[in-house]
There are 2 protein chains.
Amino acid sequence: MYITKPTNVEIDEVTELFTQYLENNGYRKTPERYAILTEIYERNDHFDVEILFKHMKTCDMHVSKATVYNTLDLLTQCNLVAKHNFDGHVARYEKCHGVINHDHLICTEYGKTIEFSDNRIKSVTVELALHTDMEIHGHELIVHGRCKDCRTNQAHSPI
Amino acid sequence: MYITKPTNVEIDEVTELFTQYLENNGYRKTPERYAILTEIYERNDHFDVEILFKHMKTCDMHVSKATVYNTLDLLTQCNLVAKHNFDGHVARYEKCHGVINHDHLICTEYGKTIEFSDNRIKSVTVELALHTDMEIHGHELIVHGRCKDCRTNQAHSPI
DNA sequence: ATAGTTGCAAAAGCTTTGCAGTATG
DNA sequence: CATACTGCAAAGCTTTTGCAACTAT
C-alpha cells in the first residue's frame with residue numbers, strides 16, 4: 001500500500017494523443033477541445049464540470065458548458081481523463097494519462113482527497129472473475145474518512 | 001474472497017429496532033414508515049426510489065415520493081438500510097440489518113449485481129489510516145464487469 | 001460545400017423544499 | 001391540542017438535448 005501523487009505530463013504528449021484519437025475517429029480538431037485538454041492537464045485536482053467551466057471563462061478561449069461536457073466525454077473515452085462518482089452528487093474528473101492505477105481516500109467533511117495504490121485490490125477483482133461468470137472491466141474503491149484538520153477545526157483546503 | 005447472499009431477517013426484529021430508533025429520537029411512528037420498512041425487507045435487490053415508490057402504490061398503503069425519501073433517510077441513519085451510488089445516476093438502496101460487510105460486482109450492461117466479501121479490503125483501509133492523517137469511516141468498492149448472459153445475448157434479469 | 005461543433009436555452013431526471021391539511025403523542 | 005408528518009406541486013441541480021449559427025475539412 002502506498003500513497004500516490006499526480007504526475008506531471010508534457011502537454012505536447014497528450015495533445016498528440018488526443019489529435020490521433022480525434023483523427024482516427026473522424027472528430028474535428030476544434031480549438032475549444034484543445035483548450036479544455038490543456039486546462040485539465042495544468043490541474044492536479046479532482047475537479048467537477050462547474051469548476052472547469054468557470055476556469056475556462058478566465059481563459060482567452062470562451063467555451064460553453066455543453067462543450068465542456070462533450071469534450072470530457074471524448075477525453076474519458078480515449079483514457080486521457082478519468083470520471084469518478086465520489087458522492088453520487090456531481091461527477092468529478094482527473095487527468096489520467098501515464099498515471100498509475102489508484103483509488104481514493106476522501107474526507108467526507110471537506111473533500112480532501114488522498115490517492116493510493118494497493119495490489120490487493122486488483123487481486124480481489126482477479127479472484128472475483130474466477131468465482132463468477134463476470135468478465136471484469138475495472139473497479140473503483142472509495143474510502144471515506146475525516147482528516148486531522150477537520151477533526152481539529154484547522155483551516156485547510158481540499159486537494 | 002467469497003460470494004455473499006442477501007439474508008432473510010425477521011420483519012418483527014427490524015420493526016422493533018426501527019421503533020426504538022424512532023422513539024429514542026422523538027420521531028413519530030407513522031404507518032407509512034412501517035409500510036416502507038416492511039416492503040424493503042421483503043425485497044432482496046438493490047432498488048432505487050422509483051422502484052420502491054411504484055411498489056408502494058400497489059400496496060394497500062399509499063405513500064408519496066417525499067415520504068419515501070424521508071423514510072429512506074431515517075432507515076439509512078439507523079443502519080437498517082444502506083445507500084449506494086453504483087453509477088452516479090440514481091441512488092440504490094438495500095436492506096442491511098444483520099448483513100455481513102460486503103461489496104458489489106456489477107454488470108455494466110444490465111445491472112446484475114453480485115455481492116462479495118473479502119478481508120483484504122478492510123486490511124487496506126486499516127493500513128491507510130496508518131499512512132495518513134485520516135480517520136477511516138468506511139469504504140465502498142464497486143467492481144464493474146459484464147456477465148456471461150450479456151456476452152452471449154441471452155435473456156436474463158438483474159439481481 | 002457539407003456535415004460535425006458550438007453556444008445558448010430549454011428540457012429532462014433525480015432530489016429537496018414549501019405549504020396546507022392531517023394525524024400522532 | 002400542539003406539532004411533526006404526509007402529500008402534492010413547485011423549485012433546485014446536474015446533465016442532456018434541440019436547433020440555429022459557425023467552422024473544420
Side-chain angles (χ1 to χ4, degrees), chain A residues 15 18-39 46-78 81-93 111, chain B residues 15 18-39 46-78 81-93 111:
Chain A
T15 301
F18 193 32
T19 298
Q20 279 178 23
Y21 175 75
L22 294 175
E23 283 178 354
N24 294 341
N25 294 275
Y27 297 125
R28 288 186 182 168
K29 289 168 278 186
T30 68
E32 288 86 355
R33 288 173 176 171
Y34 285 106
I36 291 171
L37 175 68
T38 302
E39 170 59 26
H46 300 81
F47 59 89
D48 61 25
V49 168
E50 196 58 31
I51 293 171
L52 181 58
F53 176 63
K54 280 183 183 157
H55 263 269
M56 295 309 298
K57 272 190 180 168
T58 69
C59 302
D60 35 350
M61 171 66 60
H62 172 80
V63 171
S64 74
K65 203 171 276 191
T67 300
V68 170
Y69 276 103
N70 169 350
T71 306
L72 282 171
D73 275 353
L74 290 175
L75 291 169
T76 303
Q77 281 163 38
C78 62
V81 164
K83 181 179 183 178
H84 302 289
N85 292 301
F86 290 154
D87 57 358
H89 190 49
V90 290
R92 300 228 158 235
Y93 301 83
Chain B
T15 301
F18 193 33
T19 298
Q20 279 177 23
Y21 175 75
L22 294 175
E23 283 178 354
N24 293 341
N25 294 277
Y27 297 126
R28 288 186 182 169
K29 288 169 278 187
T30 69
E32 289 85 355
R33 288 174 176 172
Y34 286 105
I36 291 171
L37 175 67
T38 302
E39 170 60 25
H46 301 80
F47 59 89
D48 60 26
V49 168
E50 195 60 31
I51 292 172
L52 181 58
F53 175 64
K54 279 182 183 159
H55 264 269
M56 294 310 297
K57 272 190 181 167
T58 70
C59 301
D60 34 352
M61 171 66 60
H62 172 80
V63 171
S64 73
K65 203 171 277 191
T67 300
V68 170
Y69 276 102
N70 170 350
T71 305
L72 282 171
D73 276 354
L74 290 175
L75 290 169
T76 304
Q77 280 164 38
C78 62
V81 165
K83 180 179 183 178
H84 301 289
N85 293 301
F86 289 154
D87 56 359
H89 192 47
V90 290
R92 301 228 156 235
Y93 300 84

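Just so it is clear, the values below take in all heavy atoms, side chains as well, and ignore hydrogens, waters and symmetry mates.
- Formation of a donor-acceptor pair under 3.5 Å by the T58(B) side chain with backbone atoms of H55(B) is found in this model.
- The interatomic distance linking K83(B) (NZ) with dC14(C) (P) rounds to 14 Å, in whole Å.
- Residue S64(B) has its side chain nearest to dC8(D) when only dA24(D), dT15(D), dC8(D) are considered.
- Within the structure, a side-chain polar atom (N or O) of T67(A) is placed less than 4.0 Å from OP1 or OP2 of dG7(C).
- Remark on DNA chain C: of its neighbouring residues D73(B) and P31(B), the 5'-side contact belongs to D73(B), judged by nearest-heavy-atom nucleotide.
- Between the CD1 atom of I36(A) and the P atom of dG7(C) there is a distance of 8 Å, rounded to whole Å.
- Side chains of M61(A) and E32(A) form a contact here, defined as non-hydrogen atoms less than 4.5 Å apart.
- Here dA24(D) is the nucleotide among dG25(C), dT15(D), dA24(D) with the atom lying nearest to any side-chain atom of R28(A).
- Here the two rings, on F86(B) and H46(B), have centers that are under 6.0 Å apart.
- Each of dT5(C), dA4(D), dG7(D) was ranked by its minimum atom distance to the side chain of R33(A); first place goes to dT5(C).
- Here dT15(C) presents its P atom at 10 Å from CG of L72(B), a figure rounded to the nearest Å.
- For dT16(C), the OP1/OP2 oxygens have no side-chain nitrogen or oxygen of Y69(B) closer than 4.0 Å.
- Proximity of T30(B) to the phosphate of dT6(D): a side-chain N or O atom is located under 4.0 Å from OP1 or OP2.
- Across the protein-nucleic acid pair, E50(B) atom CD and dC14(C) atom P stand 7 Å apart, rounded to whole Å.
- In this structure, the CZ atom of F53(B) is 15 Å from the C1' atom of dG13(C), given to the nearest Å.
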Assess whether side chain to side chain contact (heavy atoms under 4.5 Å, CB included) is satisfied between Y21(A) and Q77(A), documenting all intermediate values. CA-CA 9 Å; Y21(A) 175 75; Q77(A) 281 163 38; 3.0 Å; yes
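- With distances taken from any side-chain atom of E32(B) to the nucleotides dG7(D), dT16(D), dT6(C), the minimum falls on dG7(D).
- Rounded to whole Å, atom C1' of dA23(C) lies 15 Å from atom OH of Y34(B).
- Between H62(A) and dC8(C) there is a side-chain polar atom (N or O) within less than 4.0 angstrom of OP1 or OP2.
- The residue among Y27(B) and A91(B) whose nearest nucleotide of DNA chain C lies closer to the 5′ end is A91(B).
- Atoms CG (N25(B)) and P (dT24(C)) sit 20 Å apart, rounded to a whole Å.
- One can place NE2 of H89(B) at 9 Å from P of dT16(D), the figure rounded to the nearest angstrom.
- At least one donor-acceptor pair under 3.5 Å links the side chain of D48(B) to the backbone N or O of I51(B).
- Looking at heavy-atom distances under 4.0 Å, N70(A) makes contact with sugar-phosphate atoms alone, never a base.
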